[in-house]
Amino acid sequence: MTRKRIQIKKIDNISSRQVTFSKRRKGLFKKAQELSTLCDADIALIVFSATSKLFDYASSSMQQVIERRDRHSAMHRLDRPSMELQIESDSNDILRKKVEDKNHELRHLNGEDLQGLTLQELQKIEEHLKRGLTNVSKVKDEKVMQEINNLKRKGAELMQENQRLKQVPSLIHLHRQSSESIISNSSNLPEDGCSDTSLKLGLP
């Protein structure tokens with residue numbers, strides 16, 4: 001008859017939980033002792049029960065194992081910066097290589113250091129320069145057309161302003177003529193206005 005497997009979960013019954021803890025703790029410590037003896041391993045176990053009771057086992061000395069563990073952690077922390085520095089150094093080398101390649105490319109585009117290049121490389125540089133020249137010409141033409149349109153707009157505005165200024169003297173002349181006509185008409189009126197008024201009213 002096979003043994004029924006126990007489901008791994010928290011045991012609700014306190015008495016059963018304490019019995020299981022005691023049995024499995026002893027089994028765990030026994031396995032640790034066997035592993036230390038068979039494999040010459042330095043082992044330390046620390047267990048706190050649910051009631052905060054301490055149980056420990058060490059194959060040699062608990063203090064020595066803890067100190068050894070601390071030294072190992074310190075060495076690991078020292079190794080991490082060196083790894084980070086190595087990664088940073090590799091990244092700097094990659095960036096430096098990219099900068100050097102770009103500088104070579106710029107010198108080639110300026111017509112420098114072309115002696116060691118192959119025919120295919122020279123053709124590639126020539127095509128690159130042609131594409132760049134086409135783009136430059138396109139942008140230049142757009143800028144020229146924009147300047148021409150701006151000059152045309154400013155010329156039209158100046159012409160409108162000139163026409164407006166030309167109309168100002170004629171308006172002044174018409175205003176002056178109108179004023180002189182009013183003054184002239186008023187000067188032609190008879191000095192004695194009463195006789196004229198009396199005639200219109202039919203006075204004796």
L129 side, atom CG; T134 side, atom OG1 - distance, nearest 0.5 Å
10.5 Å

Chi angles and distances behind the side-chain contact (heavy atoms from CB on, under 4.5 Å) call for E105, D101:
CA-CA 6 Å; E105 185 177 350; D101 293 341; over 6 Å; no

I'd like to know if E157 and K154 make a salt bridge, using a cut-off of under 4.0 Å between side-chain N and carboxylate O.
no

Does atom CG (D40) have a neighbourhood of more than 12 heavy atoms from anything else shown, all under 6.0 Å?
no

Are R164 and E161 close enough that some pair of their side-chain heavy atoms sits under 4.5 Å apart?
yes

Please list all pairs meeting side-chain hydrogen bond (donor to acceptor under 3.5 Å, both in side chains) that have one or both residues in residues 46-64, counting only residues at least two apart or in different chains.
D42-S59, D42-S60, S49-T51, Q63-E67

Do the side chains of M62 and L45 join up, straight or via other hydrophobic residues, at under 4.5 Å, putting them in one cluster?
no

Roughly how far apart are R131 CZ and H128 NE2, rounded to 0.5 Å?
6.5 Å

Between L28 and F21, is there a shared hydrophobic cluster once you connect ILVMFWY residues whose side-chain heavy atoms come closer than 4.5 Å?
yes

Can you see which heavy atom on A44 is nearest to which on V65, and at what distance?
CB-CG1, 3.4 Å

Give, for atom CG of L38 and atom CD of Q33, the distance between the pair rounded to the nearest 0.5 Å.
10.0 Å

Rounded distance [0.5 Å steps], CG in N110 versus CG in L106:
6.5 Å

How about R107: does its CZ atom have over 12 heavy atoms from other parts shown lying under 6.0 Å from it?
yes

Group every Ile, Leu, Val, Met, Phe, Trp and Tyr by side-chain heavy-atom contacts under 4.5 Å, then state whether V47 and L35 land in the same group.
yes

Between atom CZ of R17 and atom CG of D12, what is the distance when rounded to the nearest 0.5 Å?
7.0 Å

Within the side chain of N162, is there an N or O that forms a donor-acceptor pair under 3.5 Å with the backbone of L158?
no

Are any non-hydrogen side-chain atoms of R153 and N149 less than 4.5 angstrom apart?
no

Around atom CD1 of I14, are there more than 12 heavy atoms of other residues, nucleotides or ligands at under 6.0 Å?
no

With rounding to the nearest 0.5 angstrom, report the CD to CE distance, Q163 to M159.
6.5 Å

Within-4.5 Å side-chain heavy-atom neighbours: K124 and E121:
no

Quick one: do R68 and H72 satisfy side-chain contact (heavy atoms from CB on, under 4.5 Å)? Show the steps, please.
CA-CA 6 Å; R68 184 176 179 183; H72 183 270; 5.8 Å; no

More than 12 non-hydrogen atoms from neighbouring residues, nucleotides or ligands closer than 6.0 Å to CZ on R69, yes or no?
no

Could you tell me whether E126 and K130 make a salt bridge, using a distance below 4.0 angstrom between a side-chain N and a carboxylate O?
yes

Is I11 linked to V19 within one hydrophobic cluster, defined over Ile, Leu, Val, Met, Phe, Trp and Tyr using a side-chain heavy-atom separation of less than 4.5 Å?
no

Same hydrophobic cluster for V139 and I148, using side-chain heavy-atom links shorter than 4.5 Å among ILVMFWY?
no

